[in-house]
Undergrad: 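Could you have a look at this structure, given as structure tokens, before my questions?
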Amino acid sequence: MKRGRQTTVALKVAMAVTGLIFVLFVLFHMYGNLKLFMGADAYNHYAEWLHEDLLYPILPHKGGLWIMRVVLLLALCIHVFAAYKTWQRGRHGRGSKYKVTKGKKRRLTYASRTMRYGGLILLAFIIFHLLQFTALKINIGANYSMVSPYERVVAGFSVWWCWLIYLIAMCALCMHVRHGVFSALATLGLDTRQREFAFNLIAWACALALLIGFMAPPTAILFGWIS
């Protein structure tokens, strides 16, 4: 019984740490996307720096990019594995639950269910996003291999259904982040009844910032404010 409890705690700590890594990454990614409002030169310079000169000259060209990719891939694998094992153990009536106050069992059940389905949506979206803007295998609105990063983004989000795909994904991301940040802080031992409101506020602030920050450029493109 004790060993099983320790395993569950280890899985949830792994989920918490890898989840926070992703939150930091998406906040950084969101900030970079906002350079679309500064024009083509600013965004193309950011894209070139990210792909070629991240941490240069400390690392070789593209060295920082590949380190970031490896870290994110490992974090994703660990996060998905830990989430699946935690769900599996919970399904069989084993393991501890996240720290919550009494009277919130129904809300936790809804949030946990949303995390599972939202996680699947995000996993599918990550694949789609990488195929579109990294591998350039999904070309929406233009031939991506023939245009600049700025023109790829503008072409893609000028198509309404591409914008809609990203809106659905960002809503799933924000629900995931809201529950995930709060649960991660609880899992890492930071949650107390006195701090519950503050950490819940942080979780909502992160989620709303991501939704607004990620959807602002695509929405501006869709309505012709960025062209």
Undergrad: So which atom in Phe133 and which in Leu136 form the shortest heavy-atom distance, rounded to 0.1 Å?
TA: O-CD2, 3.7 Å
Undergrad: Tell me whether Phe81 shares a hydrophobic cluster with Val70, the cluster being built from Ile, Leu, Val, Met, Phe, Trp, Tyr side chains joined at under 4.5 Å.
TA: no
Undergrad: Where do Met170 and Leu211 come nearest, in terms of heavy atoms and distance?
TA: CB-CD1, 4.1 Å
Undergrad: So do the side chains of Lys137 and Gln132 get within less than 4.5 Å of each other, counting heavy atoms only?
TA: no
Undergrad: Would you give the length of the straight line joining atom NE2 of His51 to atom OG1 of Thr134, rounded to the nearest 0.5 angstrom?
TA: 5.5 Å
Undergrad: Shortest non-hydrogen contact from Ala207 to Cys174?
TA: O-SG, 2.9 Å
Undergrad: Run the side chain to side chain contact (heavy atoms under 4.5 Å, CB included) check on Met175 and Ile121 step by step: do they pass?
TA: CA-CA 11 Å; Met175 294 176 69; Ile121 292 173; over 6 Å; no
Undergrad: In terms of heavy-atom contacts, does CG of Leu24 have more than 12 from other residues, nucleotides or ligands at under 6.0 Å?
TA: yes
Undergrad: Are Gln88 and Lys85 close enough that some pair of their side-chain heavy atoms sits under 4.5 Å apart?
TA: yes
Undergrad: Measure across His79 and Gly19 and return the closest heavy-atom pair with its distance rounded to 0.1 Å.
TA: ND1-N, 3.6 Å
Undergrad: Applying the 4.5 Å side-chain criterion to the ILVMFWY set and letting contacts propagate, would Ile126 and Leu131 be lumped into a single cluster?
TA: no
Undergrad: Who are the ring-ring contact (aromatic ring centres under 6.0 Å, His included) partners of Phe22, not counting sequence neighbours?
TA: none
Undergrad: Counting only heavy atoms from other residues, nucleotides and ligands, does the tally under 6.0 Å from CZ of Phe25 exceed 12?
TA: yes
Undergrad: Which class fits the ring pair Phe223 and Trp225: parallel under 30°, tilted 30 to 60°, perpendicular over 60°?
TA: parallel
Undergrad: As an exercise, state the distance from CG of Leu34 to NE2 of His29, rounded to the nearest 0.5 Å.
TA: 11.0 Å
Undergrad: Atom CZ of residue position Phe37 - does it have more than 12 heavy atoms of other residues, nucleotides or ligands inside 6.0 Å?
TA: yes
Undergrad: Is it true that Leu123 and Ile168 fall in one hydrophobic cluster, defined by side-chain heavy atoms closer than 4.5 Å?
TA: yes
Undergrad: Is there a continuous path of hydrophobic side-chain contacts, each under 4.5 Å between heavy atoms, that joins Leu122 to Val71?
TA: yes
Undergrad: In the single-linkage hydrophobic clustering (I, L, V, M, F, W, Y; side-chain heavy atoms under 4.5 Å), do Leu72 and Leu130 co-cluster?
TA: no
Undergrad: Counting C-beta onward and ignoring hydrogens, is there a side-chain heavy-atom pair between Leu173 and Phe214 closer than 4.5 Å?
TA: yes
Undergrad: Any chance you could measure Asn44, atom CG, to Leu36, atom CG, to the nearest 0.5 Å?
TA: 9.0 Å
Undergrad: Look at atom NE2 of His129 and say whether more than 12 heavy atoms of other residues, nucleotides or ligands are closer to it than 6.0 Å.
TA: yes
Undergrad: Centres of the Tyr166 and Phe125 rings: under 6.0 Å?
TA: yes
Undergrad: Counting C-beta onward and ignoring hydrogens, is there a side-chain heavy-atom pair between Asn33 and Tyr43 closer than 4.5 Å?
TA: yes
Undergrad: Are any non-hydrogen side-chain atoms of Met215 and Leu167 less than 4.5 angstrom apart?
TA: yes
Undergrad: Atom OG of Ser183 and atom CZ of Arg178: how far apart are they, to the nearest 0.5 Å?
TA: 7.0 Å
Undergrad: Do the side chains of Leu50 and Phe28 get nearer than 4.5 Å, heavy atoms only?
TA: yes
Undergrad: Quick one: CG on Leu54 to NZ on Lys62, what's the gap to the nearest 0.5 Å?
TA: 13.0 Å
Undergrad: Members other than Tyr56 in its cluster, when Ile, Leu, Val, Met, Phe, Trp, Tyr link by side-chain heavy atoms under 4.5 Å?
TA: none
Undergrad: Between Arg152 and Asn139, is any side-chain donor less than 3.5 angstrom from a side-chain acceptor?
TA: no
Undergrad: Determine the minimum heavy-atom distance between Cys162 and Ile140, stating which atoms define it.
TA: SG-CD1, 3.9 Å
Undergrad: So, taking the atom named CG in Asn200 and the one named NE2 in His179, what distance separates them when rounded to the nearest 0.5 Å?
TA: 11.0 Å
Undergrad: Do Leu65 and Glu52 make a side-chain contact, defined as non-hydrogen atoms from C-beta onward lying under 4.5 Å apart?
TA: no
Undergrad: Measure across Ser145 and Asn143 and return the closest heavy-atom pair with its distance rounded to 0.1 Å.
TA: OG-OD1, 2.8 Å
Undergrad: If you define the side chain from C-beta out and look only at heavy atoms, does anything of Trp66 sit under 4.5 Å from Leu59?
TA: no
